[in-house]
Amino acid sequence: MKLLYFAWLRAKIGIAEETVELPAGVATVGALLDWLKRRGPGFADAFRDASVVRVAVNHTYVPWDHPIKADDEVALFPPVTGG
Amino acid sequence: MKLLYFAWLRAKIGIAEETVELPAGVATVGALLDWLKRRGPGFADAFRDASVVRVAVNHTYVPWDHPIKADDEVALFPPVTGG
Amino acid sequence: MIRVQREDFDVGAEIDRLSRGRHGVGGIVSFVGVVRGAAGGEPIGAMTLEHYPGMTEKLLAEIEAEARQRWPLEDALVIHRYGRLEPGERIVLVVTASAHRQAAFEACEFLVDWLKTKAPFWKLEETPSGPRWVEAQASDDQATKRWVAE
Amino acid sequence: MIRVQREDFDVGAEIDRLSRGRHGVGGIVSFVGVVRGAAGGEPIGAMTLEHYPGMTEKLLAEIEAEARQRWPLEDALVIHRYGRLEPGERIVLVVTASAHRQAAFEACEFLVDWLKTKAPFWKLEETPSGPRWVEAQASDDQATKRWVAE
């Protein structure tokens, strides 16, 4: 799965994108966030308050219960600030 | 007095501007219109329906009872059509 | 600023000029009016815009001052052409610059509405059956009535 | 048409392009957004606009299609820049062309409002105390809420 991070999420995590093997049992966006949070201090800091995290799967905004698959592109970012 | 005619008023009268000696007794815009109407067939045609004639004295729209003086610039024209 | 001129104008250069060196400008709204080549499926020929030099400038300056009074504008510009114009040619440019986009939009639309209905121009259209003076719009007549004792 | 690009754009040329050869166009409304140099008396430094390539284009194309559906437009254009921008630099251009000036004004303002609040950009401002991520506006949060189960 391809993961993309933007704005201060990217800054806190320290990378802009990565490709990960999805662990068994991580089948939704919500589960992905819970798993990401436990990957280290940068991740824990970035995802501490999930209410300010927006998620897009394959370029479409999705809710927390949206299913995810191994070949998805999942982007995680703060609320957009507009142009 | 300087008189200016615009659009189809100018076309009917045949001139764009002229300088006239104001006859005695012509003291308002309304009186001026009555006098102009009698100056010839072109004028009679142009001013037949006074309700479609607009008048500006020294660049300001004025009503029929507005006083006029010998050194005024009086413009007569149809309702504007906008740009 | 207002200008009444026969020549065409450079839209990009005029818009640039309104924002350059003004730190408070966040948005610039512009309207370019062009002579349409068709209306309701019928082709339209060229037209000639006649105006009253001196009075046109005076009324345009008044309405521009009103717009600046009603909205917080950093700057505003109205350029209106006169003379013979072919379909596709630019007739009018209105530009408003403000810190706030809503003010810029409202002021620009206000100026354009006024110009399109009340600006002191008369249009002579070239039609297949010869030249024809365009009739005033109802909105002009209404607006003008308060000035005229009939 | 929509474009997301790092480079500046030529406002006059883009506006020209939207009307050239289109006989039905009577009015072209444009909005140019520029980086302000000050707000509330305080100077503003440069800022960097980050975006999500691919998703930005998709959302911009969707909102442009919606504008074309809601208003009778002859054409529409949105250009949005990203990257580092100094005060006074152009950020965004929206142009709408229509036979009817009101449609052009409404569609342009609709697109600009969407871009200014919901376009997928994140702003990093350079301040005297270091870089600072701009907070989302309330309107964005509201609009986004329906997408997010919290």
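A note on names: the letters A, B, ... follow the listed sequences, proteins ahead of strands, and every chain is numbered from 1.
- Inter-residue side-chain proximity for D/E50 and A/F77 is flagged as unmet; no heavy-atom pair is nearer than 4.5 Å.
- In D/E135, the CD atom is not crowded: 12 or fewer heavy atoms of neighbouring residues, nucleotides or ligands sit closer than 6.0 Å.
- Between A/H59 and D/Y52, the ring-plane angle classifies as perpendicular under the 30° and 60° cut-offs.
- Heavy atoms closer than 4.5 Å to chain A are found nowhere in D/L124, neither backbone nor side chain.
- Closest of all the heavy-atom pairs between A/G83 and D/A119 is N-CB, 4.2 Å.
- Proximity to chain A is limited to the side chain of D/K58, based on heavy atoms less than 4.5 angstrom apart.
- Neither the backbone nor the side chain of D/V92 has a heavy atom closer than 4.5 Å to any heavy atom of chain A.
- By the 6.0 Å contact criterion, CD on D/E7 is enclosed, its count of non-hydrogen atoms from other residues, nucleotides or ligands being greater than 12.
- Residues D/W133 and A/P78 are not in side-chain contact: their nearest non-hydrogen atoms beyond the backbone lie 4.5 Å or more apart.
- For D/Q102, the CD atom sits in a loose shell: 12 or fewer heavy atoms of surrounding residues, nucleotides or ligands are nearer than 6.0 Å.
- A donor-acceptor pair under 3.5 Å is absent between the side-chain atoms of D/K118 and the main chain of A/G82, judged by distance alone.
- The shortest non-hydrogen separation linking D/A136 to A/V80 is CB-O, 3.5 Å.
- Here the side chain of A/T81 pairs a donor or acceptor atom with the backbone of D/F121 at under 3.5 angstrom.
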